[in-house]
Amino acid sequence: QKEVEQNSGPLSVPEGAIASLNCTYSDRGSQSFFWYRQYSGKSPELIMFIYSNGDKEDGRFTAQLNKASQYVSLLIRDSQPSDSATYLCALWRSGGSNYKLTFGKGTLLTVNP
Amino acid sequence: IAGITQAPTSQILAAGRRMTLRCTQDMRHNAMYWYRQDLGLGLRLIHYSNTAGTTGKGEVPDGYSVSRANTDDFPLTLASAVPSQTSVYFCASSPTPGTGELFFGEGSRLTVL
């Protein structure tokens, strides 16, 4: 199993719907989880992070983490065309003085007006 | 505007030539990173620096070198460019090392012919 797996998409949802983006991972030692948004031709920008099991909400975005099942998801409520982008999942773990941040390949989301 | 500045934005380079990609940040972040992003492969860490004066190898360091003479600057050098180094290169920073909360520059698109 790859370290971080995301469905490459494209995931297409109508405007106003809930978009659900999923990420599974193989390293049970992963400690922190991040969602980055990357518009076409632009650089990634951090939109959410989550450390603990459960849900974390920030405006229209909700990150969900289930460490037992090794998945993290991002829900976008009331999706807007401006949410159309590639969403990257990233996992962080530390080991003594070393740490590792691993990115998934991303899921392309298209929100249709 | 505070942030990360990369230069050049885009460059076409003949194989065998030496090239330095520049990265400067004005956020006084301790840690800096160089990633490359390729279609189907996602973001991969080339080199990193936890603080001025120190550097480390990432996932794909071969063919690249970095230096960190001061807090603000983190140049990436390709000593003898090869076509497989055609990619989009992102410089990133974080306030402290060992975090997944990265701030990215706008990227440098490099084509090696």
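Chain A is the first sequence line, chain B the second, and so forth, proteins listed ahead of strands; every chain is numbered from 1. Note that these values count all heavy atoms, side chains included, but never hydrogens, waters or copies made by symmetry.
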Flag if over 12 foreign heavy atoms under 6.0 Å of [atom1], [X]:
X: Lys67(A); atom1: NZ; value: yes
X: Arg44(B); atom1: CZ; value: yes
X: Ile12(B); atom1: CD1; value: no

Side chain / backbone / both / neither for [X] at chain A, heavy atoms under 4.5 Å:
X: Phe104(B); value: both
X: Leu102(B); value: both
X: Gln37(B); value: side chain

Honestly curious: do [X] and [Y] fall in one hydrophobic cluster under the side-chain, below-4.5 Å linking rule?
X: Phe103(A); Y: Tyr51(A); answer: yes
X: Val4(A); Y: Tyr71(A); answer: no
X: Val60(B); Y: Leu43(B); answer: no
X: Val112(B); Y: Leu76(B); answer: yes
X: Tyr48(B); Y: Val88(B); answer: yes

message: I need the Phe90(B) CZ to Gln38(A) CD distance, nearest 0.5 Å.
response: 5.0 Å
statement: Between the CG atom in Leu46(A) and the OG1 atom in Thr99(B), the distance rounded to the nearest 0.5 Å is 8.5 Å
- prompt: With a 4.5 angstrom heavy-atom cut-off, which part of Tyr36(A) approaches chain B: side chain, backbone, both or neither?
  reply: side chain
- request: Check each atom of Leu91(A) against the heavy atoms of chain B and say whether the ones under 4.5 Å are side chain, backbone, both or neither.
  value: neither
- prompt: Is the shortest heavy-atom distance from the side chain of Glu101(B) to the side chain of Trp92(A) under 4.5 Å?
  reply: no
Main-chain N/O of Gly105(B) paired with Ser43(A) side-chain donor or acceptor, under 3.5 Å: yes
task: Could you tell me whether a side-chain N or O of Lys105(A) sits under 3.5 Å from a main-chain N or O of Gly42(B), the two making a donor and an acceptor?
output: no
message: Please find the pair of heavy atoms, one from Leu101(A) and one from Tyr35(B), that lie closest to each other, and give the distance.
response: CD2-OH, 3.8 Å
message: If you count heavy-atom pairs within less than 4.5 Å of chain A, which of Pro97(B), Gly107(B), Gly100(B) leads?
response: Gly100(B)
